[in-house]
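What follows is a single structure, written as C-alpha cells, with notes after it.
Proteins come first, then strands; the chains are lettered A, B, ... in the order of their sequence lines, and each starts at number 1.
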Number of protein chains: 2
Amino acid sequence: MKNMQERIERLKEKGIVLTIQRLAVLEFLVENCTHPTVDDIYKSLKEKYPTISQATIYSCLELLRDAGEIQELSIHRDKACFDPNLRMHHHFFCKQCEKIFDVNIECPVSMQGWFDGNKVEEVQAYLYGVCEECRKKEGG
Amino acid sequence: MKNMQERIERLKEKGIVLTIQRLAVLEFLVENCTHPTVDDIYKSLKEKYPTISQATIYSCLELLRDAGEIQELSIHRDKACFDPNLRMHHHFFCKQCEKIFDVNIECPVSMQGWFDGNKVEEVQAYLYGVCEECRKKEGG
DNA sequence: TATTTGTCAAGAATTATTCTAATCTTTTTC
DNA sequence: GAAAAAGATTAGAATAATTCTTGACAAATA
C-alpha cells in the first residue's frame with residue numbers, strides 16, 4: 001500500500017474521479033517499480049479485470065501523468081514506460097538484459113530550473129550501457 | 001561543406017560504401033542542425049532525388065548512427081530525430097515552438113563512464129520547458 | 001426521477017517503423 | 001571488358017504503438 005493513501009488524497013484534491021481502473025493502474029505502478037510498458041500493465045490488469053481495454057490504460061496513464069503522479073519515460077523510442085517515483089532521478093538502461101534502473105545522481109542540469117534564458121520544467125536523463133550483473137555473466 | 005570531408009574519410013576507413021543516398025542524408029544533417037525527423041529528411045531529399053524511398057532514409061540513418069557519425073534522439077516518443085553533432089551535449093525541447101536546441105552543459109553523470117558497477121556507454125539528457133523566445137512572446 | 005457530466009470499452013484509424021522481394025549498382029573475378 | 005556476386009535501393013506490404021471515435025454506462029446534480 002505504501003504511499004497510495006497520499007496519492008489518492010492528492011488526486012482527490014485535484015478533483016480527479018478515482019475509478020476502479022484508474023486506481024488499478026496507479027496501484028500496479030506503485031507495486032511494480034520495474035518501469036512497465038503500457039502492454040505490461042494491460043496484460044497484468046486484464047487478469048484481474050478481464051473487460052478492461054488498452055485504450056483505458058492509455059487514458060489512465062495520460063491522466064496520472066498530467067496530474068504529476070507518474071513519469072513517462074522515453075528511454076526506448078518504440079514504447080513508453082512509466083515510473084511512479086516522483087523524486088528527481090534519472091534512469092539507466094541495460095542494453096543486454098533491457099532492465100531499467102533508477103539512478104540517484106544529483107546533476108546540476110536538473111537542479112537549475114533555467115538554462116540560458118530558457119525555462120526548464122522537466123529533465124529526463126537516460127544512461128545506456130551494460131549493467132553490473134550482465135557484465136559479471138559475460139566475464140565468467 | 002564544413003567537416004564533411006573528415007566524415008567521409010572516417011566512413012571510408014570503416015569500409016562503408018558512400019552511395020549518393022548516404023552522402024545526401026549525411027550532408028542534409030550536417031547542413032540542417034535543427035534535429036530533423038525521418039520525415040523531414042525524406043521530404044527534403046525527395047525534392048532533389050525524387051526516387052529516394054523512406055526505407056532508404058531509415059537504412060542510411062541506421063548505418064550512420066551505428067558508424068558513430070550521428071546521434072539518434074528520443075526527445076519525442078513518437079518520432080526519432082537526428083543530430084550530426086558528435087561532441088557530448090544535451091538537448092532542450094521547447095514545448096511551445098517544438099524546437100530543439102543543443103545544450104552545452106557539462107554534467108558529471110555524462111563524464112564518468114560508470115555508475116555503481118554499471119558501465120555507461122551513452123548518455124542522453126533531455127530538458128523540457130519553454131524557450132526564451134516563446135517566453136518573450138508570451139510576456140508581451 | 002430526469003438531466004448532465006464524465007468515464008469506459010471496443011474496435012477502427014493513424015502513424016512511425018520494419019520487412020520483403022524485386023531491381024539496380026557496384027565490385028570482384030575471370 | 002563481360003559475367004557473376006555482393007551489396008544497396010525501391011516500393012509497397014506488414015507490423016506495432018498509439019490515438020480517435022462512438023455508443024454505452026455510471027456518478028453527480030438538480
request  = Output, in order, the C-alpha distance, side-chain angles, deciding distance and verdict of salt bridge (Lys or Arg N to Asp or Glu O under 4.0 Å) for Lys119(A) and Glu132(B).
outcome  = CA-CA 7 Å; Lys119(A) 191 166 145 218; Glu132(B) 190 165 19; over 6 Å; no
Within the distance-only criterion (no hydrogens, no angle test), does the side chain of [X] pair as donor or acceptor with the backbone N or O of [Y] below 3.5 angstrom?
| X | Y | result |
| --- | --- | --- |
| Tyr126(B) | Ser74(B) | yes |
| Arg7(A) | Pro84(A) | yes |
| Arg22(A) | Val17(A) | yes |

key: Contact nearer the 5' end of DNA chain D, comparing Arg77(B) with Arg22(B)   =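 Looking at DNA chain D, the more 5' nearest nucleotide goes with Arg22(B).
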task = Between Asp78(A) and Ser53(B), just flag the one whose closest nucleotide in DNA chain D comes earlier from the 5' side.
result =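 Looking at the nearest nucleotide for each, Ser53(B) comes out on the 5' side.
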request  = Looking at every strand, decide which applies to Thr19(B) at a 4.0 Å heavy-atom threshold: base, sugar-phosphate, or nothing.
outcome  =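 The residue Thr19(B) makes sugar-phosphate contact but no base contact.
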ask   = Would you say dT19(D) has OP1 or OP2 under 4.0 Å from some side-chain N or O of Tyr58(A)?
value =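 Indeed not, no polar side-chain atom of Tyr58(A) lies that close.
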ask   = Could you state the CD-C1' distance from Glu62(B) to dT9(D), rounded to the nearest angstrom?
value =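 Computing the Glu62(B):CD to dT9(D):C1' distance gives 15 Å.
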message = Measure NE2/His76(A) against P/dA16(D) and give the value in whole Å, please.
response =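 In whole Å, dA16(D) P lies 16 Å from His76(A) NE2.
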request  = Could you go through the side-chain hydrogen bond (donor to acceptor under 3.5 Å, both in side chains) check for His90(B) and Asp102(B) one step at a time?
outcome  = CA-CA 6 Å; His90(B) 300 319; Asp102(B) 285 0; over 6 Å; no
task = Could you list where the contact with chain A starts and ends along DNA chain C, reading 5' to 3', using a 4.0 Å heavy-atom cut-off?
result =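 Using the under 4.0 Å cut-off, the span is dT7(C) to dT17(C).
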query = Of all the nucleotides listed (dA17(D), dC20(D), dT10(D)), which has the minimum atom distance to the side chain of Ala55(A)?
reply =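 For the Ala55(A) side chain, the nearest candidate turns out to be dC20(D).
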message = If you only use heavy atoms from C-beta on, which nucleotide in dT18(D), dA8(D), dT10(D) is closest to the side chain of Ile52(B)?
response =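 Of the candidates, dT10(D) comes closest.
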request  = May I ask you to check whether Gln124(A) and Gln71(A) show a side-chain donor-acceptor distance below 3.5 Å?
outcome  =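 Yes, a side-chain donor-acceptor pair sits under 3.5 Å.
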ask   = For the helix from dT1(C)-dA30(D) to dC30(C)-dG1(D), what angle lies between the axis at the first five pairs and the axis at the last five pairs, to 10 degrees?
value =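 Nearest ten degrees gives 20° for this helix.
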request  = Output all residues satisfying side-chain hydrogen bond (donor to acceptor under 3.5 Å, both in side chains) with Asp116(A), sequence neighbours left out; order by chain, then residue number.
outcome  =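 Per chain and number, Asp116(A) pairs via side-chain hydrogen bond (donor to acceptor under 3.5 Å, both in side chains) with no residue.
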